[in-house]
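Chain letters run A, B, ... following the sequence lines, proteins first, then strands; residues in each count from 1. Please read these numbers as outputs of a predicted model, since none were measured by experiment.
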Amino acid sequence: MSSAPALVPVASPPRSSPPWLPTPLLVSQYPMLAHLHSCTSMKQLHQMHANAITSGAIFDNFVASRILSFSALSPYGSLSYARLLFSRLRKPDTFTFNTLLRAYVCGPDPLNAVLFYIDVLNSSALHRPDNHCFALLLKACSEAPSLSLGVMVHAQAIKFGWSSLVSVQNFLVHMYASCGDIGLAKLAFNGIEECDDASVNMMLGGFLKCGCFEGARQLFDEMSERDGITWSVMINGLVQRSRFKEGLEFFRRMLEEKVEPNESVLVNVLNACAHLGAMEQGMWVERYLKGKSIRFSVRVGTALVDMYLKCGCVEKAYEIFARMEEKNVLAWTAMIGGLAINGRGEEALQLFSQMEMEGVSPNDVTFIGVLNACSHAGLVDDGVKYFSSMTEVYGIEPNVQHYCCLVDLYGRCGMLHQAEEVIKKMPMKPNSAVWGALLNSCRIHGNSLLGEVVGKKLIELESNNSGRYVLLSNIYAANGRWENVAELRRVMKERGVTKLPGSSFIDLKGHVYEFVAGDNVHPQSKEIYVMLSVMMKKLMQAGYKANTGEALLGMDEEEKETAVSYHSEKLALAFGLINTEPGTTIRITKNLRVCSDCHTATKMLSKIYDRVFVVRDRGRFHHFKDGICSCNDFW
DNA sequence: GTAGGGTTAG
């Protein structure tokens with residue numbers, strides 16, 4: 001990644017005011033709209049609305065639509081208030097109608113746009129919906145996605161005579177593709193007489209949305225012209241569907257073709273790096289931004305902070321965070337949550353109070369980070385205090401995830417009874433994550449009796465989730481209950497549940513390498529296995545004994561020992577040790593939880609080789625140094 | 001007088 005071609009500098013995108021505020025030009029034409037700029041509460045909004053009515057300005061549809069837009073999109077209004085406002089308009093025109101429609105599409109439930117359309121059509125307040133209206137309705141159906149409503153909207157578009165307009169046809173293509181009906185999408189696409197720039201991009205976006213990646217790739221490769229948006233659609237689409245490696249691959253291609261990445265691409269690329277633990281590539285993005293003297297926007301800054309934290313590099317995250325000029329609740333939340341998973345609970349809490357001092361209010365996600373911080377730092381009392389402060393101080397109703405944190409908080413420190421009580425008393429139905437937190441606590445504290453009850457419950461709840469079987473099996477194994485282990489294995493086989501293969505990623509000089517247990521596809525495979533045997537020898541000398549309790553079921557002891565020694569994590573470690581200078585920190589990202597054998601081995605290896613190993617597993621970070629781990633062996 | 005395709009944290 002560092003060898004990517006130098007690019008022509010561009011200015012950072014102009015900072016535009018939020019979409020609910022009228023532009024200076026509009027204010028000069030309609031002085032009344034200036035008041036919206038000083039509107040900072042719902043009360044002021046109501047006052048503004050009342051003034052518009054008494055002065056008669058509300059009868060100007062343009063003024064009405066701007067107030068409507070402000071009501072629907074700004075934090076000082078709501079969709080329902082905007083809807084009320086709309087219903088009071090004497091003669092709303094299509095433009096005003098579309099304004100509200102657009103707000104619905106951007107809102108939490110886009111299909112409400114379709115319901116609103118039906119409502120207004122029935123009330124005959126709308127004479128004839130225009131082409132923009134159908135573009136918006138089709139977009140709503142793509143986002144949901146809802147093929148049945150999409151087809152209905154298509155029929156309406158035909159009825160009102162807009163179905164042969166390119167702008168509407170583009171959205172038809174997007175809607176059918178997003179809903180997974182590639183056949184109809186192609187039909188609609190072929191029906192477009194004169195394709196414009198957007199047509200193919202809409203098709204591409206639809207392919208990605210419905211998970212048709214091969215189709216997307218093929219279409220992308222066939223395209224004769226690819227503009228900046230095409231690349232955005234492709235990269236962002238892949239990243240958002242968790243195809244991180246492919247997203248980075250396309251980002252690389254984009255740079256090779258000398259196309260400028262825009263902010264949204266950079267944010268998504270950083271996101272992909274965060275997920276993969278690809279810090280080298282993430283650092284490349286940072287250098288790229290610096291090279292272009294692009295000021296960190298809140299979003300890019302937050303994405304960078306998040307990336308560094310998810311790569312286990314807390315110091316770099318602090319550095320970026322300090323340099324961010326504007327910090328909103330998202331930025332603070334990323335930092336707090338990231339410190340928590342890195343085992344820096346106290347610092348996370350410190351940051352939380354600093355955030356408050358700077359006048360930024362926490363949201364529900366912030367509290368997930370705060371509670372996580374308490375639970376990983378073993379601060380039960382603080383955690384409980386923060387939990388109750390949510391409703392009492394901040395007026396945030398805890399959701400199921402917050403209860404999940406609370407169960408984890410009690411359970412992790414061994415207060416299993418209190419954890420169970422939380423589950424009994426919580427106001428909503430506990431989901432599998434809540435039971436999962438309790439199960440993990442049973443594993444940590446070796447409570448196989450409760451573990452068995454909870455594990456069985458979870459397996460019933462999610463009979464396809466192999467992780468649940470594995471965790472229960474580990475609990476049985478740790479207690480020497482081998483007959484139960486065998487029974488569980490039989491059930492898994494019967495139900496056709498296969499264990500998700502563990503894999504480890506390591507980011508080296510801008511490339512992400514992936515290892516699975518016992519794999520030998522890597523070109524350096526031979527050297528890796530030689531290194532591994534050296535490592536094992538040194539481990540044995542240091543008194544290591546393979547812990548096979550979590551190994552695959554149904555093997556004899558010796559087989560198990562070999563199996564754990566070839567775990568993907570150990571392969572990645574060997575690979576890292578071969579290919580880095582002594583003293584370099586090695587960062588590994590795992591798709592599963594670290595097994596206890598790998599954990600012990602990695603601890604010892606950090607001392608033997610005098611290295612820092614940062615391993616990120618499914619749930620948190622392990623910083624190995626001098627033979628100890630930052631998780632204090634609780635994970 | 002007017003809005004398209006990519007963009008929102010754990």
Measure [atom1]/[X] against [atom2]/[N] and give the value in whole Å, please.
{"X": "A:W162", "N": "B:dG4", "atom1": "CH2", "atom2": "C1'", "result": "15 Å"}
{"X": "A:H174", "N": "B:dG4", "atom1": "NE2", "atom2": "P", "result": "13 Å"}
{"X": "A:N268", "N": "B:dG5", "atom1": "CG", "atom2": "C1'", "result": "15 Å"}
{"X": "A:L68", "N": "B:dT2", "atom1": "CG", "atom2": "P", "result": "18 Å"}
{"X": "A:N98", "N": "B:dG4", "atom1": "CG", "atom2": "C1'", "result": "13 Å"}
{"X": "A:Y30", "N": "B:dT2", "atom1": "OH", "atom2": "C1'", "result": "11 Å"}
{"X": "A:F134", "N": "B:dT2", "atom1": "CZ", "atom2": "P", "result": "22 Å"}
{"X": "A:L304", "N": "B:dT8", "atom1": "CG", "atom2": "P", "result": "15 Å"}

Listed nucleotide nearest any side-chain atom of [X], set [options]:
{"X": "A:F95", "options": "B:dG10, B:dG5, B:dA3", "value": "B:dA3"}
{"X": "A:F62", "options": "B:dG1, B:dG10, B:dG4", "value": "B:dG1"}
{"X": "A:S167", "options": "B:dG10, B:dG4, B:dG5", "value": "B:dG4"}
{"X": "A:F171", "options": "B:dG10, B:dG5, B:dT7", "value": "B:dG5"}

Between the base of [N] and the side chain of [X], is one N or O donor paired with an acceptor at under 3.5 angstrom?
{"X": "A:N262", "N": "B:dG6", "value": "yes"}
{"X": "A:D196", "N": "B:dG4", "value": "yes"}
{"X": "A:R299", "N": "B:dT8", "value": "no"}

Is a salt bridge present between [X] and [Y], judged by a nitrogen-to-oxygen distance below 4.0 Å?
{"X": "A:R253", "Y": "A:D221", "value": "yes"}
{"X": "A:E358", "Y": "A:K327", "value": "no"}
{"X": "A:R252", "Y": "A:E249", "value": "no"}

Side chain proximity check, A:V153 to A:M175, heavy atoms < 4.5 angstrom: no

Taking OP1 and OP2 of [N], is either one under 4.0 Å from a side-chain nitrogen or oxygen of [X]?
{"X": "A:Q240", "N": "B:dT7", "value": "yes"}
{"X": "A:Q169", "N": "B:dG4", "value": "no"}
{"X": "A:K139", "N": "B:dA3", "value": "no"}

Categorize [X] for me: base, sugar-phosphate, or nothing, with a 4.0 angstrom heavy-atom threshold over every strand shown.
{"X": "A:D197", "value": "base"}
{"X": "A:K209", "value": "nothing"}
{"X": "A:N61", "value": "nothing"}
{"X": "A:N170", "value": "base"}

Expected output: side-chain A:R90 to main-chain A:F59 donor-acceptor under 3.5 Å: no

Heavy atoms from other residues, nucleotides or ligands near CZ of A:R128 exceed 12 (cutoff 6.0 Å): yes

A:R102 CZ: over 12 foreign heavy atoms closer than 6.0 Å: no

Close aromatic pair by centroid cut-off 6.0 Å: A:F367 and A:F352: yes

Residues from residues 223-236 of chain A lying under 4.0 Å of DNA chain B - heavy atoms: A:D227, A:I229, A:S232, A:V233, A:N236

